A.B. asks: 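Before anything else, here's the structure in question.
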Amino acid sequence: MALAPENQPLKEIPPKAADLSAWYTAVCIKAELVSYSPVRGCVVLRPYGFGLWENLQKELDARFKATGHENAYFPLLIPESLLTKEADHVEGFAPEVAWVTHGGSEKLTERLAIRPTSEVIIGTMYAQWVESYRDLPILINQWANVLRWEKATRPFLRTMEFLWQEGHTAHANAAEAREETLRMLEVYREFAETVAAIPVYSGAKSASERFPGAVETYSIEALMPDGKALQSATSHDLGQNFSKAYDIDFTDADGLIKHAYTTSWGMSWRMLGAMIMTHGDDRGLRIPPKLAPVEAVFVPIVRGGDDRAVQRAKELAAALRIEGFRVRVDDRDETPGYKYAHWELRGVPVRIEIGPRDVDAQNVVLVRRDKTRGDDDHKTVVSENALAGALRVALDGVHATLHAQALEFLGSHTFVLQDRAAFFAACKNRDGMIDIAWCGRAECEAHVKAETSATTRNTHPLRGGETTCIACGEPATQRAYFAQSY
RNA sequence: CGGGACGUAGCUCAGCUUGGUAGAGCGCUUGCUUUGGGAGCAAGAAGUCGCAGGUUCAAAUCCUGUCGUCCCGACCA
């Protein structure tokens, strides 16, 4: 039986369920988010993809400002002597650091690292800026690119150069630093849910998954359709490790010189990869409205030389822009069906069809990307003067659907297990997030990884009543989500 | 970094086994007709066959190397 036209798969991409990897790559390319570049492992972020990033920036940045942070910018290059001060940190990043060795044809006396992250250079500057407890806290964020020499790359999920933000703060005491770390973790969690429409598990990382040099690392973890977890943001309590290595010290109110407590936290364009995989379907992207470069696209229908709909669409679009909507009119000389498929592939949340009949009746037809024929509210006729309100409702509806579907998936693919054999099988099968009582020991985690290739994603407190680790039988100290990961 | 596969027109691919100097569909350009789910007709443009060597009278085709992409592992704030 033939599928209804709006339910047919696209020509450009394979079915999502058949091969997630192939689907993902095809969508990233065909929706014109990225292009491969002549540089191995580096992609070009095209205008439509950059539009996603800009919206992510706008939403996150507002949250950073609201929590008291300011933006600044630090150098791309880091002298080798600076990088090597914090032992764990250097060791952790050593294999991924790219080095500048020459200026022109002249060899440098000291190599310069291209930043894989900026704790070092920022810590060095903080050391100069901080003298008194009155100088604290320092709450700075930077939007930047970083470079890590990766072996296997994929658009957004892992590229050698990538865009991100990294927040770096310094505080007078440990409690305040921990509070900051957890505050920003919660900012990320809230962002993931309300902007990207992705439900996540947030919690502390195990010791082996910790950021090099951190006292404690927290993360938000999303679950992808193939059952693999995707770390979507991290927040680190660096304790005094970096302040000791980089001499960030200050005179406290009691007259004593003390080392500051620092934090760092970051989210990268990897979040966009999570969004693409979580929400996309066989027809392409489904972008949550708050991230969508185009929230609604007008497709005017011309009939028998009657092109009044084009002009009307432009007028209505102009009015919507004044209301703050990101809208576009597709007045190209293509058939409507072509345009429908074109914008569905690109994940535009709402399509607004307008033809001569609508112009006469002063109506438009709203079509939601999250609906297909058969759904009651797939297409709704809206009068022109009610358009702005109806569009708002439709966009909110799309977000709600995407979030609800993702939440349902996460819920139905999270397994609270009590049995050792079932636990190992689930990890190996890549069933999803496997939630067990855990001992917290690195040896146990390493064993599970060797047997199943799953690792802890993050941890959460015992509920009460658990006594032993499901994986190894030692005393349980916490609960952990195990999963294979990206 | 290991195992496997693949690089031919903007895209998807055929041609390679058995060397003889490059094709199809889609897309693109122009014109006309069209337009409520991927339009039709006509004409036209477009490829150093990833790159570099080698074998040969002759290489997209055979050999070697190299770069890139994809898949599976390893590694991975």
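Residue numbers start from 1 in every chain, and the chains themselves are labelled A, B, ... in the order their sequence lines are given, proteins ahead of strands. These numbers were taken from a predicted model, which means no experiment stands behind them.
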A.B. asks: Using atom CD1 of A/Ile29 as one end and atom P of B/G7 as the other, report the distance to the nearest whole Å.
C.D. replies: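 Result: 18 Å.
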A.B. asks: Could you please name the option among B/G37, B/C70, B/A74 that lies closest to any side-chain atom of A/Thr25?
C.D. replies: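 The closest nucleotide is B/C70.
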A.B. asks: Aromatic rings A/His460 and A/Tyr481: how do their planes relate, parallel, tilted or perpendicular, breaks at 30° and 60°?
C.D. replies: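 Because their plane-to-plane angle is under 30°, the rings of A/His460 and A/Tyr481 count as parallel.
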A.B. asks: What are the residues of residues 83-99 of chain A, sorted by number, that bring a heavy atom to within less than 4.0 Å of RNA chain B?
C.D. replies: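 Heavy-atom contacts with RNA chain B come from A/Phe93, A/Glu96.
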A.B. asks: Where the side chain of A/Tyr126 meets the backbone of A/His168, is there a donor-acceptor pair that is under 3.5 Å apart?
C.D. replies: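 It does hold such a pair.
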A.B. asks: State, without any angle test, whether A/Arg457 and A/Thr455 hold a side-chain donor-acceptor pair at a distance under 3.5 Å.
C.D. replies: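 Yes, side-chain donor-acceptor contact under 3.5 Å.
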A.B. asks: Can you list the residues that meet the ring-ring contact (aromatic ring centres under 6.0 Å, His included) rule with A/Tyr246, with sequence neighbours excluded?
C.D. replies: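 Here no residue qualifies.
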A.B. asks: What residues, two or more places apart in sequence or in another chain, satisfy side-chain contact (heavy atoms from CB on, under 4.5 Å) together with A/Arg178?
C.D. replies: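 Listed in chain order: A/Leu182, A/Val215, A/Glu216, A/Tyr218, A/Asp237.
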A.B. asks: Regarding A/Gly213, tell me which of base, sugar-phosphate or nothing describes its non-hydrogen contacts under 4.0 Å with the strands shown.
C.D. replies: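 If one applies the 4.0 Å heavy-atom cut-off, A/Gly213 turns out to touch nothing in the nucleic acid.
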A.B. asks: Rounded to whole Å, how long is the line connecting atom CD of A/Glu344 with atom P of B/G37?
C.D. replies: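 Rounded to whole Å, this separation is 12 Å.
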A.B. asks: List for me each residue that meets side-chain contact (heavy atoms from CB on, under 4.5 Å) alongside A/Ala222, sequence neighbours excluded, and say none if there are none.
C.D. replies: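 Counting only residues at least two positions away or on another chain, A/Ala222 forms a side-chain contact (heavy atoms from CB on, under 4.5 Å) with A/Ile198, A/Val200, A/Met224, A/Ser232.
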A.B. asks: Give me each pair satisfying side-chain hydrogen bond (donor to acceptor under 3.5 Å, both in side chains) with a member in residues 297-310 of chain A, each pair once, sequence neighbours excluded.
C.D. replies: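 For residues 297-310 of chain A, and leaving out neighbouring residues, the side-chain hydrogen bond (donor to acceptor under 3.5 Å, both in side chains) pairs sorted by first residue read A/Asp306-A/Arg308, A/Arg308-A/Asp360.
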A.B. asks: What is the separation between atom CD1 on A/Ile301 and atom C1' on B/U34, rounded to the nearest whole Å?
C.D. replies: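 Interatomic distance, CD1 of A/Ile301 to C1' of B/U34: 14 Å.
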A.B. asks: For A/Tyr486, give me all partners under ring-ring contact (aromatic ring centres under 6.0 Å, His included), at least two apart in sequence or on another chain.
C.D. replies: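 For A/Tyr486 there are no ring-ring contact (aromatic ring centres under 6.0 Å, His included) partners, ignoring immediate neighbours.
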A.B. asks: Report the relative orientation of the aromatic rings in A/Phe424 and A/His447; use parallel for angles under 30°, tilted for 30 to 60°, perpendicular for over 60°.
C.D. replies: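 It falls in the perpendicular class, over 60°.
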A.B. asks: Report yes if at least one side-chain N or O of A/Lys449 is closer than 4.0 Å to OP1 or OP2 of B/G73; otherwise report no.
C.D. replies: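 Looking at the OP1 and OP2 atoms of B/G73, neither is under 4.0 Å from any side-chain N or O of A/Lys449.
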A.B. asks: Would you indicate which nucleotide in B/G37, B/C11, B/A74 comes nearest to any side-chain atom of A/Val367?
C.D. replies: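 Among the listed nucleotides, the one closest to the side chain of A/Val367 is B/G37.
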A.B. asks: With 3.5 Å as the limit, what N/O pairs link the protein to nucleotides 27-29 of chain B?
C.D. replies:
none

A.B. asks: Quickly work out the A/Asp333 CG to B/U34 C1' distance and round it to whole Å.
C.D. replies: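 So the CG-C1' distance, A/Asp333 to B/U34, works out to 9 Å.
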A.B. asks: Distance check needed: B/C71 C1' versus A/Lys151 NZ, whole Å only.
C.D. replies: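 Rounding to the nearest Å, NZ of A/Lys151 and C1' of B/C71 are 18 Å apart.
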A.B. asks: Using only side-chain N and O atoms of A/Arg332, determine if any of them is under 4.0 Å from OP1 or OP2 of B/U35.
C.D. replies: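 Result: no.
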A.B. asks: Along nucleotides 43-50 of chain B, 5' to 3', which nucleotides get a B, which get an S, and which get a -, given that the test is a protein heavy-atom distance under 4.0 Å?
C.D. replies: --------
A.B. asks: For RNA chain B, which residues of residues 350-366 of chain A approach it to below 4.0 angstrom with any heavy atom?
C.D. replies: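 By residue number: A/Arg351, A/Glu353, A/Gly355, A/Pro356, A/Arg357, A/Asp358, A/Val365.
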A.B. asks: Under 4.0 Å between a side-chain N or O of A/Tyr36 and OP1 or OP2 of B/C70?
C.D. replies: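 So the side-chain polar atoms of A/Tyr36 do come within 4.0 Å of the phosphate oxygens OP1 or OP2 of B/C70, strictly under.
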A.B. asks: When the distance from CD of A/Glu451 to P of B/A74 is rounded to whole Å, what number comes out?
C.D. replies: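 Rounded to the whole Å, the gap is 13 Å.
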A.B. asks: Let's go through A/Arg332 and A/Asp330 carefully: what are the C-alpha distance in whole Å and the side-chain angles of both, what is the deciding distance for salt bridge (Lys or Arg N to Asp or Glu O under 4.0 Å) to 0.1 Å, and is it a yes or a no?
C.D. replies: CA-CA 6 Å; A/Arg332 293 176 299 168; A/Asp330 186 351; 2.9 Å; yes
A.B. asks: Can you see if the side chain of A/Thr335 gets near the phosphate of B/U35 - specifically, an N or O under 4.0 Å from OP1 or OP2?
C.D. replies: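 No, no such contact exists.
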A.B. asks: Return the value, rounded to whole Å, for the distance between atom CZ of A/Arg154 and atom P of B/C76.
C.D. replies: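 After rounding, the gap between these two atoms is 19 Å.
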A.B. asks: Evaluate ring-ring contact (aromatic ring centres under 6.0 Å, His included) for A/Phe162 paired with A/Trp53, printing each intermediate quantity in order.
C.D. replies: CA-CA 11 Å; A/Phe162 58 93; A/Trp53 181 244; 9.5 Å; no
A.B. asks: State which residues pass side-chain hydrogen bond (donor to acceptor under 3.5 Å, both in side chains) with A/Glu96; sequence neighbours excluded, sorted by chain then number.
C.D. replies: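 side-chain hydrogen bond (donor to acceptor under 3.5 Å, both in side chains) list for A/Glu96, sorted by chain: empty.
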A.B. asks: Give, ordered by number, those residues of residues 39-50 of chain A having at least one heavy-atom distance below 4.0 Å to an atom of RNA chain B; if nothing qualifies, reply none.
C.D. replies: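 Contacts with RNA chain B under 4.0 Å: A/Arg40, A/Gly41.
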A.B. asks: Using modelled atom types only, decide if a donor and an acceptor are shared between the side chain of A/Glu119 and the backbone of A/Ser264 within a distance under 3.5 Å.
C.D. replies: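 Checking the backbone N and O of A/Ser264 against the side chain of A/Glu119, no donor-acceptor pair under 3.5 Å is found.
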A.B. asks: Quick check: does any side chain N or O of A/Lys244 sit under 3.5 Å from a backbone N or O of A/His259, one acting as donor and the other as acceptor?
C.D. replies: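 A pair under 3.5 Å: no.
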A.B. asks: My understanding is that only residues two or more places apart in sequence, or in another chain, count here; which of them pass side-chain contact (heavy atoms from CB on, under 4.5 Å) with A/Ala22?
C.D. replies: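 Once residues adjacent in sequence are excluded, the partners of A/Ala22 under the side-chain contact (heavy atoms from CB on, under 4.5 Å) criterion are A/Pro14, A/Asp19.
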